[in-house]
Amino acid sequence: MLRNFLFIFSIFFCFTATADGILVSWSPNNLEGMTKEKFENAKTWSVNDILQKNLEVKTWSDAYLLLVAALPNKDDKGFKEELIKQILNNAEVKLQSTSRLIIWERITSGDILFEGKGIQIDDDLFKVAGRANFILRNITNHNFGIVRIHSTADELTSLQTKWIDFLQGKEVEQYKNPFETPVKGVSEIRSLQAFEALVYSLKPSAEKDTLTKRCLKQVYQLNEMPTVKGSSPTYCNP
């Protein structure tokens with residue numbers, strides 16, 4: 001399975017240049033249900049397939065495959081025009097299989113379990129608009145704003161207008177991350193959204209207990225957390 005994903009990992013950094021980042025560690029091996037066959041099949045999707053599937057995703061892996069499929073079509077102006085239309089679509093789905101996906105506001109809302117590491121995405125991938133913006137940012141290497149969990153209709157319209165102007169060749173000021181740092185993957189951890197999510201994630205839960213036990217068993221062949229502080233198995237505790 002690892003060999004199957006080496007080539008996926010090699011292109012991953014090609015489409016995360018405009019925002020987002022990795023906190024501690026992440027690789028496509030963490031995508032639940034992902035296979036080489038699914039990855040290869042995604043590259044055959046037409047632009048119409050991608051646009052339709054963006055309305056239907058159910059898992060984080062589904063959202064990831066949209067981007068894989070979009071990359072070969074990054075120069076298709078008509079495709080980008082249709083994605084821009086979807087930025088007004090505020091429809092939401094409760095994404096499943098979100099292991100190691102970090103969307104700060106979704107952690108605070110209880111939709112994602114924070115595991116202490118993973119890939120941090122600025123856009124709210126639970127929404128059609130967020131996924132459309134995420135794709136546009138990565139296939140154009142431009143960033144004109146973020147779709148948040150509570151983005152208003154006016155904010156989405158403003159973001160859409162910026163993308164339309166950009167596609168028409170107009171000068172559009174790019175979004176400036178107020179928390180930017182030279183170290184990729186830690187910029188947004190200084191934001192209020194990240195602080196609130198980190199505080200929320202400290203609460204004990206049955207889901208965290210299950211995750212910890214599974215990690216201890218699969219990685220360290222242990223049934224319980226060792227008493228030695230700082231030992232490697234302690235990293236199983238999110």
Side-chain angles (χ1 to χ4, degrees), residues 1-9 11-13 15-16 20-43 45 49-71 89 91-135 138 147-149 185 188 193-194 197-198 200-201 203 205-219 235-238:
M1 180 63 72
L2 179 58
R3 290 195 299 271
N4 289 345
F5 279 130
L6 287 178
F7 70 101
I8 304 179
F9 189 69
I11 74 161
F12 170 74
F13 291 98
F15 51 68
T16 57
D20 318 317
I22 293 174
L23 182 63
V24 183
S25 66
W26 186 84
S27 87
N29 294 293
N30 301 131
L31 289 165
E32 298 179 53
M34 181 63 76
T35 64
K36 181 178 180 180
E37 289 70 29
K38 288 182 179 180
F39 179 86
E40 292 295 336
N41 182 57
K43 293 190 291 185
W45 296 349
D49 289 334
I50 301 168
L51 293 166
Q52 182 60 38
K53 288 177 184 294
N54 190 34
L55 306 177
E56 304 170 346
V57 302
K58 295 181 180 179
T59 68
W60 161 219
S61 293
D62 291 341
Y64 182 92
L65 286 175
L66 289 175
L67 193 49
V68 172
L71 280 171
N89 190 333
E92 178 180 317
V93 64
K94 297 297 183 182
L95 283 185
Q96 303 298 310
S97 304
T98 56
S99 178
R100 300 207 186 173
L101 172 62
I102 301 171
I103 303 174
W104 297 120
E105 291 170 307
R106 289 295 173 180
I107 293 171
T108 304
S109 67
D111 294 315
I112 290 178
L113 175 66
F114 181 58
E115 300 179 34
K117 52 186 170 289
I119 181 169
Q120 180 258 315
I121 304 295
D122 286 348
D123 285 301
D124 183 12
L125 300 184
F126 283 56
K127 294 186 176 182
V128 173
R131 295 190 294 272
N133 196 55
F134 174 64
I135 294 170
N138 282 288
V147 175
R148 302 288 189 187
I149 188 172
E188 287 292 330
Q193 291 90 349
L198 292 172
Y200 179 88
S201 70
K203 297 193 304 183
S205 70
E207 190 177 7
K208 286 172 63 175
D209 291 342
T210 299
L211 182 68
T212 299
K213 290 178 181 179
R214 183 165 64 242
C215 174
L216 287 171
K217 191 69 174 179
Q218 292 178 349
V219 180
Y235 291 106
C236 281
N237 187 346

Heavy atoms only: give me the nearest [X]-[Y] pair and the separation to one decimal.
{"X": "L31", "Y": "S61", "result": "CB-OG, 3.7 Å"}
{"X": "W26", "Y": "G118", "result": "CB-C, 3.7 Å"}
{"X": "L125", "Y": "I103", "result": "N-CD1, 3.7 Å"}
{"X": "W60", "Y": "T98", "result": "CB-CA, 4.2 Å"}
{"X": "G110", "Y": "Y200", "result": "CA-OH, 3.7 Å"}
{"X": "A42", "Y": "V68", "result": "CB-CG1, 4.3 Å"}

To the closest 0.5 Å, what do you measure between [atom1] ([X]) and [atom2] ([Y])?
{"X": "I149", "Y": "T108", "atom1": "CD1", "atom2": "OG1", "answer": "8.5 Å"}
{"X": "I119", "Y": "S27", "atom1": "CD1", "atom2": "OG", "answer": "10.5 Å"}
{"X": "Q120", "Y": "D20", "atom1": "CD", "atom2": "CG", "answer": "6.0 Å"}

Would a 4.5 Å heavy-atom cut-off, applied to side chains only, mark [X] and [Y] as touching?
{"X": "F134", "Y": "V147", "value": "no"}
{"X": "F39", "Y": "P28", "value": "no"}
{"X": "I102", "Y": "I112", "value": "no"}

Is K127 reaching over with its side chain to a backbone N or O of N89, donor-acceptor style, under 3.5 angstrom? no
Can you check whether R131's main-chain N or O pairs, donor with acceptor, with D123's side chain at less than 3.5 Å?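 The answer is no, because no donor-acceptor pair under 3.5 Å joins these two groups.
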Hey, could you give me each pair passing salt bridge (charged side-chain N to carboxylate O under 4.0 Å, His left out) that has a residue in residues 51-63? Not counting sequence neighbours.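 As it turns out, there is no salt bridge (charged side-chain N to carboxylate O under 4.0 Å, His left out) pair with a partner in residues 51-63 once direct neighbours are skipped.
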Taking salt bridge (charged side-chain N to carboxylate O under 4.0 Å, His left out) as the cut-off, I'd like each qualifying pair that reaches into residues 96-110, sequence neighbours left out, listed once.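 Salt bridge (charged side-chain N to carboxylate O under 4.0 Å, His left out) check on residues 96-110 returns E92-R106, R100-E115, R106-D111, R106-D124.
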Test item: side-chain donor near acceptor, E32 and N30, under 3.5 Å: no
Which is it for L55 and Q52 under the side-chain contact (heavy atoms from CB on, under 4.5 Å) test, yes or no, and what are the steps along the way? CA-CA 5 Å; L55 306 177; Q52 182 60 38; 4.1 Å; yes
